[in-house]
Amino acid sequence: MEAGGRAGPGFSIRLRGALRADGLEDITGDGGVRKEVLRPSSGEPVPPDATVAVKYSGYLEDMEEPFCTYQTKGFPRLMKLGVDITLLGLEIGLLTMKKGEVARFIFTPNYAYGKQGCLPLIPKNATVLFIVELIDFIDSAESDVFFALAPEQRATFPLQKVLKVAKVEREFGNYLFRQQSFEGAKDRYKKAYSILSCSSSSEAEQHQIDASKLLVLLNLSVVYLKLERPAQALIYGKKALEIDEGSVKALFRCGQACLRMLEFEKARDFLVRAQHREPFNQEINDELKKLACCYKDYLNNEKERCFRMFAAFNSSSKQK
């Protein structure tokens with residue numbers, strides 16, 4: 001058997017002899033985990049305790065199809081190193097990778113499924129091959145430490161670390177948002193916002209907190225629009241404007257929310273203010289055109305409704 005089909009994200013391998021480790025980098029020093037980079041990356045390396053998004057396929061020699069695969073369409077779920085990834089060789093291998101990298105790994109039994117294997121799928125003392133693509137990662141170590149603390153201990157956490165934890169939660173939210181998991185994203189954003197409800201000891205610190213809050217509030221506003229809850233989107237958009245009254249994104253989100261609620265005058269006010277600051281912003285201009293069409297349709301529908309109402313009234317009067 002020469003060819004083994006797809007062996008991972010965009011790569012094919014020849015399975016016969018694919019488990020030979022000739023020329024592969026010995027990561028562990030004992031030959032237990034060997035690596036070949038198939039697609040290099042200039043991204044950042046994975047830090048310990050990170051949360052990763054990966055795609056992978058695992059092969060035995062002389063198998064045309066993978067015995068395991070994680071090749072979800074779109075964005076794969078996030079997995080915590082040391083918790084969600086249980087294969088020792090895979091975890092060791094991931095810690096050598098950079099964001100965007102694709103690599104081939106060979107794991108000997110001690111770093112894979114051991115002497116017993118995983119019958120009937122994985123035979124005893126099996127050496128396995130994995131093709132792995134590191135899609136993304138989030139350095140969540142600081143966040144893990146923070147949430148392990150008691151509430152009174154969190155209150156003494158240094159501000160810079162609090163800001164970093166909030167950023168991590170926002171990044172989790174952003175990843176879920178890109179997956180179109182809007183409820184999950186909303187929960188992460190709200191968690192980040194609650195973290196930022198900390199007290200400041202100076203104007204400079206408050207400025208840093210407000211800058212972080214603004215980003216989260218804008219995220220909350222847009223995620224509530226995706227959840228078809230425009231009233232909540234408007235609340236968070238207005239909170240963002242309390243921090244920065246000239247925020248074009250906040251004005252735009254508020255305008256979108258008002259339009260969804262058929263509050264046309266308020267929508268126009270927010271959108272025109274946003275357009276005044278960015279007159280060539282295509283999104284804003286398109287939303288104003290949408291507003292005009294919606295308002296015209298609304299007036300036509302109201303006219304039709306009134307016509308039917310009066311027609312029914314006149315018919316009723318004649319019958320009397």
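The structure presented is a predicted model; accordingly, all values stated were derived computationally and were not measured. Any value given below was found using the heavy atoms of this structure, including those in side chains, with hydrogens, waters and symmetry copies removed.
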Exercise. Give the minimum heavy-atom separation between Val83 and Thr86, together with the two atoms involved.
Key: O-CG2, 4.3 Å

Exercise. Find the distance between CD (Glu205) and CD (Glu203) and round it off to the nearest 0.5 Å.
Key: 11.5 Å

Quiz prompt | Common cluster, Ile195/Ile243, ILVMFWY with side-chain heavy-atom separation under 4.5 Å | solution = no

Quiz item: Distance from Leu215 atom CG to Ser247 atom OG, nearest 0.5 Å?
Solution: 9.5 Å

Exercise. Run the numbers on Lys239 and Lys213 for side-chain contact (heavy atoms from CB on, under 4.5 Å), then give the verdict.
Key: CA-CA 9 Å; Lys239 285 181 181 290; Lys213 272 186 178 180; over 6 Å; no

Exercise. Could you check Val52 against Leu134 for side-chain contact (heavy atoms from CB on, under 4.5 Å), going step by step and ending with a plain yes or no?
Key: CA-CA 7 Å; Val52 299; Leu134 179 61; 4.1 Å; yes

Practice problem: Return yes if some donor-acceptor pair links the side-chain N/O of Thr28 with the main-chain N/O of Val33 below 3.5 Å, else return no. | Solution: yes

Practice problem: Supply the atom-to-atom distance Thr51 OG1 to Asp144 CG, rounded to the nearest 0.5 angstrom. | Solution: 6.5 Å

Self-check item: Side-chain donor-acceptor contact under 3.5 Å, Lys98 with Ser42
Solution: no

Quiz item: So, do Leu163 and Leu196 sit near enough that their side-chain heavy atoms are less than 4.5 Å apart?
Solution: yes

Quiz item: Any donor and acceptor pair, going by atom type alone, linking the side chain of Glu91 with main-chain N or O of Gly82 inside 3.5 Å?
Solution: yes

Quiz item: If Ile, Leu, Val, Met, Phe, Trp and Tyr residues are connected whenever their side-chain heavy atoms lie under 4.5 Å apart, and connections chain through other members, are Ile85 and Val46 in the same group?
Solution: yes

Self-check item: Heavy-atom check, side chain of Lys238 versus side chain of Cys254, under 4.5 Å
Solution: yes

Quiz item: In terms of heavy-atom contacts, does CD of Gln153 have more than 12 from other residues, nucleotides or ligands at under 6.0 Å?
Solution: yes

Quiz prompt | Check: Asn285 side chain, Pro279 main-chain N or O, donor-acceptor pair, under 3.5 Å | solution = yes

Self-check item: Smallest separation among heavy atoms of Gly173 and Ala185, with atom names
Solution: O-CB, 3.3 Å

Quiz item: With distance as the sole test, does Arg277 use its side chain to make a donor-acceptor pair with the main-chain N or O of Arg273 at under 3.5 Å?
Solution: yes

Exercise. Measure the shortest side-chain to side-chain distance between Phe177 and Tyr189 over non-hydrogen atoms and say whether it is less than 4.5 angstrom.
Key: yes

Quiz prompt | From Thr69, Ile131, Leu90, residue fulfilling side chain to side chain contact (heavy atoms under 4.5 Å, CB included) relative to Tyr56 | solution = Leu90

Quiz item: Do Phe252 and Phe270 have ring centroids that are under 6.0 Å from one another?
Solution: no

Practice problem: Kindly work out whether a path of hydrophobic side-chain contacts (I/L/V/M/F/W/Y, heavy atoms less than 4.5 Å apart) joins Tyr193 to Val168. | Solution: no

Exercise. For Glu245, look at atom CD and say whether over 12 heavy atoms of other residues, nucleotides or ligands are found less than 6.0 Å away.
Key: no

Practice problem: Check whether any side-chain heavy atom of Gln275 lies under 4.5 Å from a side-chain heavy atom of Asn281, and answer yes or no. | Solution: no

Quiz prompt | Check: Arg260 side chain, Glu228 main-chain N or O, donor-acceptor pair, under 3.5 Å | solution = no

Quiz prompt | CD (Glu44) with more than 12 external heavy atoms under 6.0 Å | solution = no

Practice problem: Identify whether Leu259 and Leu218 are in the same connected component of the hydrophobic contact network (ILVMFWY, side-chain heavy atoms under 4.5 Å). | Solution: no

Exercise. Check Pro66 against Ser57 and note the closest heavy-atom contact, atom names and distance.
Key: CB-CB, 4.1 Å

Practice problem: Decide if atom CD of Gln180 counts as having more than 12 heavy atoms of other residues, nucleotides or ligands within a radius under 6.0 Å. | Solution: no

Quiz item: Does the side-chain contact (heavy atoms from CB on, under 4.5 Å) test come out yes or no for Ile138 and Phe172, once each step is laid out?
Solution: CA-CA 8 Å; Ile138 298 173; Phe172 275 121; 3.6 Å; yes

Quiz item: Do Arg229's NZ or CZ and the ring of Tyr224 fall within the cation-pi criteria of under 6.0 Å and 45°?
Solution: no

Quiz item: Do Met261 and Val272 share a hydrophobic cluster (ILVMFWY, side-chain heavy atoms under 4.5 Å, transitive)?
Solution: no

Quiz item: Can you find a pair of side-chain heavy atoms, one from Leu121 and one from Cys118, that are under 4.5 Å apart?
Solution: no

Practice problem: Report yes if the side chains of Phe105 and Ile27 come closer than 4.5 Å at any heavy-atom pair, otherwise no. | Solution: yes

Quiz prompt | Atom pair NZ (Lys249) and CD (Glu283), whose distance is rounded to the nearest 0.5 Å | solution = 9.0 Å

Quiz item: Crowded around Lys226 NZ? As in, over 12 foreign heavy atoms under 6.0 Å?
Solution: no

Quiz item: Which of these passes side chain to side chain contact (heavy atoms under 4.5 Å, CB included) with Leu60: Val128, Leu129, Thr127?
Solution: Val128

Quiz item: Once you round to the nearest 0.5 Å, how far does CD of Gln116 lie from CG of Asn125?
Solution: 8.5 Å

Exercise. Test Ser41 against every option in Glu133, Met97, Glu101 by the side chain to side chain contact (heavy atoms under 4.5 Å, CB included) rule and name the one that passes.
Key: Glu101

Quiz item: For Phe147, is the NZ or CZ atom of Lys191 found under 6.0 angstrom from the centre of its six-membered ring and inside 45 degrees of the ring axis?
Solution: yes

Quiz item: Would you say Asp139's side chain and Ala50's backbone share a donor-acceptor pair under 3.5 angstrom?
Solution: no

Quiz item: Is there a side-chain contact between Gln206 and Ile209, using heavy atoms and a 4.5 Å cut-off?
Solution: yes

Practice problem: For residues Gly31 and Thr108, report the shortest heavy-atom separation together with the two atoms involved. | Solution: O-CG2, 3.5 Å

Quiz item: Does the cation-pi check pass for Arg154 over Phe146, that is, NZ or CZ under 6.0 Å from the six-membered ring centre and within 45° of its axis?
Solution: yes

Quiz prompt | Salt-bridge criterion met for Arg178 and Asp136 (N-O under 4.0 Å) | solution = yes

Quiz prompt | Heavy-atom side-chain proximity of Phe157 to Lys164 below 4.5 angstrom | solution = no

Quiz item: What is the minimum heavy-atom distance between Pro48 and Ala141, and which atoms define it?
Solution: O-CB, 4.4 Å

Quiz prompt | Which atom of Arg39 lies closest to which atom of Gly100, heavy atoms considered | solution = NH2-O, 2.9 Å

Quiz item: Is Lys35 atom NZ crowded by more than 12 heavy atoms from other residues, nucleotides or ligands, each under 6.0 Å away?
Solution: yes

Exercise. Kindly compute the distance separating CG (Asn219) from OH (Tyr236), expressed to the nearest 0.5 Å.
Key: 12.5 Å

Exercise. For the pair Arg188 (side chain) and Glu171 (backbone), establish whether a donor and an acceptor sit closer than 3.5 Å, ignoring hydrogens and angles.
Key: no

Self-check item: Step-by-step side-chain contact (heavy atoms from CB on, under 4.5 Å) determination, Phe137 to Val54
Solution: CA-CA 9 Å; Phe137 68 83; Val54 296; over 6 Å; no

